[in-house]
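Each chain gets a letter, A, B and so on, in the order its sequence line appears, and its residues count up from 1.
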Number of protein chains: 4
Amino acid sequence: MPKISDEKRAARRAQILEAAWLCFQKQGLQATTMDDIIRASGLSAGAVYSYYPSKEELIVAAVTTSLIGLQERVEPILRSAPPSPDLFVEKITQAISDFTTRESYDLKRIALLGWSEAQRNERLRETIRGFYLAFRARLADVAVSWCNAGLLRKSASTSDVAKVVLAEILGFVVQSALLGDVEPRDMARGLQDLAAVEVDDGP
Amino acid sequence: MPKISDEKRAARRAQILEAAWLCFQKQGLQATTMDDIIRASGLSAGAVYSYYPSKEELIVAAVTTSLIGLQERVEPILRSAPPSPDLFVEKITQAISDFTTRESYDLKRIALLGWSEAQRNERLRETIRGFYLAFRARLADVAVSWCNAGLLRKSASTSDVAKVVLAEILGFVVQSALLGDVEPRDMARGLQDLAAVEVDDGP
Amino acid sequence: MPKISDEKRAARRAQILEAAWLCFQKQGLQATTMDDIIRASGLSAGAVYSYYPSKEELIVAAVTTSLIGLQERVEPILRSAPPSPDLFVEKITQAISDFTTRESYDLKRIALLGWSEAQRNERLRETIRGFYLAFRARLADVAVSWCNAGLLRKSASTSDVAKVVLAEILGFVVQSALLGDVEPRDMARGLQDLAAVEVDDGP
Amino acid sequence: MPKISDEKRAARRAQILEAAWLCFQKQGLQATTMDDIIRASGLSAGAVYSYYPSKEELIVAAVTTSLIGLQERVEPILRSAPPSPDLFVEKITQAISDFTTRESYDLKRIALLGWSEAQRNERLRETIRGFYLAFRARLADVAVSWCNAGLLRKSASTSDVAKVVLAEILGFVVQSALLGDVEPRDMARGLQDLAAVEVDDGP
DNA sequence: GATGAATGAGTCTTCATTCAT
DNA sequence: AATGAATGAAGACTCATTCAT
């Protein structure tokens, strides 16, 4: 077999990653054996190792690619004129749910696995950290646009709003993965109800 | 008639669980070896196994006990007249943070580990599921009380409000564990800002 | 099984080392698999690894123990009033040969394996180096005693004599291991013949 | 009719062998992987295998070629009127040292590796054995010439003298490879001192 | 002829669990 | 009841060799 083309090579990498995803979400990151992935990929051990030099690399790649895939789906929503917070959260969570449905694996489950793994894998931790920090920065921008649009009072702390919105999105992911009975629409409704709350305004 | 008293037995179990917690949060659930736990507990392998017949049992016990510990701290807040949503979320997240600070282990990290493990461990999954469903039911009760107190409009979906509030709490846990820069007070402020939003009321 | 006695522990280590020796000299250091040693030792993999934490450790132990065994046999010869060089070399090489015959393994073959391995194993290299340097220092002492006894001229370089004597011993080991037809007596005879040489005395 | 000329073919073989030598002396025979050699040679796996059908073949070739190279350098010394034993040994060991210095690899290290490998590789063992036996036969011839020249007494056992001289040469190789502080001149001096020894003549 | 991707048996090592003492 | 040495089935990874292109 002579030199393989770049596309072929990328396809092989994708094929292996796909196999890894399937195994990971079924059995978890650590509990998945390389043999599971090798068998699922249809390749030989040597071939898999020639594309990903270690299990850790495969784990990092699986989680990182998930994050990138998520980013790609969320980006257009962040870019477009963001609607009110409740509809915004609905759109984002819907994008996350859609991702899961369309692709062969569940983004939310991979997310939970990644968070867990991040606690003992510094590289993964930094990758995930960087991703969420960047995402939250984008959410803060969105909060600013809400202020400008008069949806949020001028005195609002956009960084705190971003923290809450991120919490709502991450909390949706957790709840959806563990309980499976939460829909984006539910989030929107609950947020609308909460937005109609009477609050004692802080200082 | 056992040679060892019940209290002694309970104390030993607690000692082992303590050791397991420390190891689990440092290294993760799967990556922690029984030998790690055995050494940390100061007991012999046989002794540990006589109290917990398998590693899985220890994992389930560690996660379950964490959930119970959390419940104990959250219960009084649920019981007491709950304040407005933003202050309520602040109180709950504060209780979670306090738990971490006071005890020798980090509840939030154990939570993430437990969620991840739940995906391949049915027993753990059901335990966690049951816990969060019960917790969410309590949150729905709180939402009802908010309705009654006029803090929430009568038409509010208390179940959806509960979903959102749970998401905010879980999302705080995730964000705090991964990014470490989110305080209960931030959540409260962000929620206040969001509650002052102008929304198109749904039907 | 409760705590094992120190003797028992030492016996087990010896049992494993014995097995390793047999395998090593039959197949070489690298080509011997841990499984070979495990099977030869009659223990389980875990047991072997609990005594020697890695194959490298076992290799170093095997070579080091050989060196120590050799030292023990050679020491009395060094200590006793050394005879003339030819008889001294005969005695030393005889001790090396005897060692091989009496024990279940061939010291000379282990030596060759060790030298080879020393080239890529720094720890082994330093161990072997230290051993031979010490041995050569002892040979220099012997050379001094030969000077004092009038067997060597006063102007003799005892360090060079030590180098030659060590070369003769090591060369005997190589030749004996590879060709198998060299006896200590042959060395003595050859040395006697050479000692009767007419030389142009250097400056 | 081969597509490639014989010279080209020989050049390729030499190129591969050169690469193998470099790897072998750096990492040892077993520890060197075919991939190491392939990369060092700058050729493809298939190409290397078309010239040397197995790793063993390459090992045997590397050792054999070393022996031949050595022979070529030693031959003129054997052929020329050999001086006294001490000067003869100096010349031979000097030739061995020079070989190392001039070529890109260390003959002495390859020698040790070959001896070690010979113990589990019969073919190599026979090659090496044949070489050293032939060399020793030549040394015996030299010993005869010493007798004739009156440098050695008539009663001398030329075969035993050959054994001792070979031991001195091999021992120089070992000592030089492991300790690195032995010069041909040292050997000559030590031998001169030893030749001036007073011995009880054997029968 | 050459290439280098692919193979897969084999390597070292770990670790949950047991059970003789 | 307690101990901790022993077990042995995996697990991650390697590497000599092949063969489709």
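Of the two residues contacting DNA chain E, namely C:Gln30 and B:Ala31, the nearest-nucleotide position lying further toward the 5' end is that of C:Gln30. Looking at which nucleotide of DNA chain E each of C:Thr33 and A:Tyr51 is closest to, the 5′-most match is held by A:Tyr51. When each of B:Ala45 and D:Pro53 is assigned the nucleotide of DNA chain F with its nearest heavy atom, B:Ala45 is the one assigned upstream, toward the 5' end.
E:dC15 atom P lies 12 Å from atom CD1 of B:Ile37, rounded to whole Å. Distance NZ (C:Lys55) to P (E:dG10): 15 Å, rounded to an integer number of Å. Distance NZ (C:Lys8) to P (F:dT3): 22 Å, rounded to an integer number of Å. A straight line from CD of B:Gln27 to C1' of E:dC15 spans 13 Å, rounded to a whole angstrom. Distance D:Asp35 CG to F:dC13 C1': 15 Å, rounded to the nearest Å. Distance, B:Leu58 CG to E:dC15 P: 16 Å, rounded to whole Å. Straight-line distance from the CG atom of A:Leu43 to the P atom of F:dT14: 17 Å, rounded to whole Å. Regarding A:Arg39, its CZ atom lies at a distance of 14 Å from the C1' atom of F:dA12, rounded to whole Å.
At least one donor-acceptor pair under 3.5 Å links the side chain of C:Gln15 to the backbone N or O of C:Ser41. No donor-acceptor pair under 3.5 Å is formed between the side chain of D:Arg109 and the backbone N or O of D:Ala177. A donor-acceptor pair under 3.5 Å links the side-chain atoms of B:Lys55 to the main chain of B:Gln30, judged by distance alone. A donor-acceptor contact shorter than 3.5 Å is absent between the side chain of A:Lys26 and the backbone of A:Thr32.
Comparing atom distances between the D:Met34 side chain and each of F:dA2, F:dT17, E:dT7 picks out F:dT17 as nearest. The side chain of C:Ser54 has E:dT13 as its nearest neighbour among F:dA12, F:dT17, E:dT13. In this structure, the nucleotide among E:dA5, F:dA2, E:dG4 sitting nearest to the side chain of D:Ser44 is E:dG4.
Counting non-hydrogen atoms under 4.0 angstrom, A:Tyr52 reaches nothing in the nucleic acid. Residue contacts shown for A:Thr32 are limited to sugar-phosphate atoms, with no base heavy atom under 4.0 Å away.
The nucleotide E:dC12 finds its pairing partner in F:dG11, both defining distances of the Watson-Crick or G-U wobble pair being shorter than 3.5 Å. Across all strands shown, the partner of E:dA20 is F:dT3, judged by Watson-Crick or G-U wobble contacts whose two distances both fall under 3.5 Å.
Side chains of B:Arg123 and B:Glu57 form a contact here, defined as non-hydrogen atoms less than 4.5 Å apart.
For C:Arg12, a side-chain nitrogen or oxygen approaches OP1 or OP2 of F:dA6 to under 4.0 Å. The phosphate of E:dT3 has neither OP1 nor OP2 within less than 4.0 Å of any side-chain N or O from D:Tyr49.
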